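For reference, the structure discussed in these notes is given below.
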Amino acid sequence: GVRKRLIGFVLPLGYSFNLDGSMIYTTFVALFISQAYDIPLSLQQQFLMLLVLMVSSKGIAGVPRASLVVVAAVLPMFGLPEAGILLILGIDHFLDMGRSATNVLGNTIATAVVAKWEQGLGGPDEALADGLEDEVAAEGLAPAGAAASAVAHGESRAA
């Protein structure tokens, strides 16, 4: 029910900037490594780590194990051994699935929220009309809006 124009604007931005799952994952991996090596981190260090990983997660590519590169770059900043990544490497494939699902869910929710703000959220009839309008305008068969009014009045596509 979200208009195609809104999806085309919000989703690419989401895949570049809204990587919730990757940010959460990198933070949890860093904290796990600190606990595995019995290196205590103060609350201030944990908060700073969260902020650093929040900013650095914006540069994570959408490829498997890209998050591990970001974690490897951030670990020395907090005095944590980079070798701790080897503890995660064996199960990272399975964690990647959860991370990707969280990213997709976050992008879907962000798209729905922006659609609600911009009154671009409609029922299936409006989505169909929006799709037909884009298709007809792309083919140059009728002025934009003609297909939408045809659908709104219950006329067939051939009409």
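Predicted model only: the values in this text are computed from it and were never measured. Basis for what follows: all heavy atoms, side chains included, without hydrogens, waters or symmetry-related copies.
V55 and L68 fall into different hydrophobic clusters, where Ile, Leu, Val, Met, Phe, Trp and Tyr side chains are chained together by heavy-atom contacts under 4.5 Å. Residue I39 is grouped with residue V29 when hydrophobic side chains (ILVMFWY) are merged at heavy-atom distances under 4.5 angstrom, including chains of intermediate members. Using a 4.5 Å cut-off between side-chain heavy atoms of Ile, Leu, Val, Met, Phe, Trp and Tyr, with links allowed through other members, F9 and I7 fall into the same hydrophobic cluster. Placement of V70 and I91 within a single hydrophobic cluster is found when ILVMFWY residues are connected by side-chain heavy-atom separations under 4.5 Å, directly or transitively. Tracing side-chain contacts under 4.5 Å through hydrophobic residues (I, L, V, M, F, W, Y), one never reaches F78 starting from L51; they form parts of separate clusters.
Not a single donor-acceptor pair under 3.5 Å links the side chain of E118 to the backbone N or O of L6.
In this structure, M77 and V52 approach most closely via the heavy-atom pair CE-CG2, 3.6 Å. The shortest non-hydrogen separation linking L53 to M23 is O-CG, 3.8 Å.
For the atom pair CG of L43 and CG of L48, the computed distance is 11.5 Å after rounding to the nearest 0.5 Å. Note that the OG atom of S34 and the CG atom of L80 stand 5.5 Å from one another [nearest 0.5 Å]. Remark: L41 CG to Q35 CD distance equals 8.5 Å, nearest 0.5 Å. Separating the CE atom in M49 from the CD atom in Q44 is a distance of 13.5 Å, to the nearest 0.5 Å.
Residue F47 qualifies as open at atom CZ: its count of foreign heavy atoms under 6.0 Å is 12 or below.
Sorted by first and then second residue, the side chain to side chain donor-acceptor pair (under 3.5 Å) pairs with a member in residues 84-94 read Y25-D92; sequence neighbours excluded.
The side-chain heavy atoms of T27 and M54, taken from C-beta on, include no pair separated by under 4.5 Å.
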For E82 and I33, run side-chain contact (heavy atoms from CB on, under 4.5 Å): C-alpha distance rounded to whole Å, both residues' side-chain angles, the deciding distance at 0.1 Å, then the answer. CA-CA 9 Å; E82 296 166 346; I33 291 170; over 6 Å; no
Only pairs under 3.5 Å count here: list side-chain donor-acceptor contacts from residues 95-114, not counting sequence neighbours, and write none if there are none.
residue, atom, partner, partner atom, Å
D96, OD1, R99, NE, 3.4
D96, OD1, R99, NH2, 2.7
R99, NE, S67, OG, 3.4
S100, OG, D96, O, 3.0
T102, OG1, G98, O, 2.8
N103, OD1, D20, N, 3.3
N103, OD1, G21, N, 2.7
N103, OD1, S22, N, 3.3
N103, ND2, S22, OG, 3.2
N103, ND2, R99, O, 3.4
N107, OD1, N18, ND2, 3.2
N107, ND2, N103, O, 3.2
T108, OG1, V104, O, 2.8
T111, OG1, N107, O, 2.8

